[in-house]
Amino acid sequence: MSRILVVHGSPRGDRSTSRRLAEGFLSAWQARHPEGQITRREVGRVLVPPVNEAFVAAAFYPEPDARPLSMQADLALSDQLVGELFEHDLLLISTPMYNFSVPSGLKAWVDQIVRLGLTFDHTLDNGVAQYTPLLQGKKALIVTSRGGFGFGPGGALEALNHADPWLRTALGFVGINDVSVVAAEGEESAERTFAVSVAEAEQRLLDLARVF
Ligand SMILES: Cc1cc2nc3c(=O)[nH]c(=O)nc-3n(C[C@H](O)[C@H](O)[C@H](O)COP(=O)(O)O)c2cc1C
């Protein structure tokens, strides 16, 4: 594993727990892989445009090889973001849980990289849509922080978690199925309770930095 694409989703900078945890993982990983390449794509503090009508028209144009120049321009950022995905081996996404899902910047990024003909294909089988993922051999690590407790597997609030499970679904759709999730929970609980959860997440990330 030599190239990591980091997608930071929190609108917060230094105060962001998910960002800090992800950067901790990267420091540990870089120490073991001095030659390793890390590319950061900011989507929490820098606006990634939501898809609009021009994007949809261009992305689903029936003859992709004959797209007018104006449509190519409408897809330029998306092409760049997709290119970044292809160029890296591990995708590291850091994100808070926002209203049971992810911040809008990260959602916008996902909408930009799920691209017909580039990251997935669509065919009809007896009139029924079939989808084929086009990314291969990549892994993902999702580092997330939540204000509440119990959103993880088996937790009391698991069914309300549309953040990392949704990211898993979207990544699987484009072919990234090897996905690990590390979560810190309880920022809105007592300081000590949150600190324990963060420490556990830090340890888990140090362990993962040894195997990625
Ligand atoms: C707009 C907003 C929505 C939030 N929604 C949730 C939520 O649905 N569930 C939850 O557990 N915490 C929620 N939180 C709390 C954050 O998930 C928590 O503070 C997290 O640690 C922030 O991550 P960060 O420090 O990386 O930005 C929300 C916070 C904000 C600002």
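Each residue takes its place number in the sequence, starting with 1. As the structure lists them, so they are numbered: ligands from 1, and atoms in each ligand from 1. All of these numbers come straight from a predicted model, not from anything done at the bench.
If you check which protein heavy atom lies closest to atom 30 (C) of ligand 1, you get Tyr98 CE1, 3.4 Å. The nearest protein atom to atom 23 (O) of ligand 1, hydrogens excluded, is given as Pro96 CB, 3.1 Å; this is a heavy-atom distance. Scanning all protein heavy atoms for the shortest distance to atom 11 (O) of ligand 1 gives Gly148 N, 2.8 Å. Here the heavy atom of the protein found nearest to atom 5 (N) of ligand 1 is Asn99 N, 2.8 Å. With hydrogens left out, the protein atom closest to atom 14 (N) of ligand 1 is Met97 O, 3.4 Å, a heavy atom. The protein atom (non-hydrogen) at minimum distance from atom 18 (C) of ligand 1 is Glu187 OE1, 3.3 Å.
Here atom 8 (O) of ligand 1 lies nearest to Phe100 when heavy atoms of Phe149, Phe194, Phe151, Phe100 are compared.
Using a 4.0 Å cut-off between heavy atoms, Glu188 contacts ligand 1 through its side chain alone, with no backbone atom that close. Heavy atoms from both the backbone and the side chain of Ser18 come within less than 4.0 Å of ligand 1. Within the 4.0 Å heavy-atom criterion, both parts of Arg146, backbone and side chain, lie near ligand 1.
Between Asp14 and Arg19 there is no salt bridge, since no side-chain nitrogen of the basic residue lies less than 4.0 Å from a carboxylate oxygen of the acidic one. Ion pairing between a basic and an acidic side chain is recognised when a charged N comes within 4.0 Å of a carboxylate O; Glu187 and Arg12 show such pairing.
Judged purely by atom type and a 3.5 angstrom limit, Glu42 uses its side chain to pair as donor or acceptor with the backbone of Arg45. Under the 3.5 Å distance criterion, the side-chain polar atoms of Thr169 are matched with a main-chain donor or acceptor of Pro165.
Using a 4.0 Å cut-off to heavy atoms of Ser10, the atoms of ligand 1 that qualify are 24 (P), 26 (O), 27 (O). Taking every non-hydrogen atom of Gly147 and a distance limit under 4.0 Å, the qualifying atoms of ligand 1 come out as 10 (C), 11 (O), 12 (N), 15 (C), 16 (C), 17 (O), 18 (C). Shown in contact with Thr17 at under 4.0 Å from a heavy atom are these atoms of ligand 1, numbered in order with element: 24 (P), 25 (O), 26 (O). Below 4.0 Å from some heavy atom of Arg15 lie the following atoms of ligand 1, by number and element: 25 (O).
Relative ring orientation between Tyr131 and Phe120 is described as tilted, the plane-to-plane angle lying within the 30° to 60° band.
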Requested in this report: Step by step, work out the salt bridge (charged side-chain N to carboxylate O under 4.0 Å, His left out) result for Asp111 and Lys107.
Outcome: CA-CA 6 Å; Asp111 289 342; Lys107 174 64 165 62; 2.9 Å; yes
Report task. Verify side-chain hydrogen bond (donor to acceptor under 3.5 Å, both in side chains) between His162 and Ser101, making sure each step is shown before the conclusion. Result -> CA-CA 5 Å; His162 304 283; Ser101 178; over 6 Å; no
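No more than 12 heavy atoms of other residues, nucleotides or ligands shown are found within 6.0 angstrom of CD on Glu191.
Side-chain contact annotation: His88 with Thr39, donor-acceptor N/O pair under 3.5 Å present.
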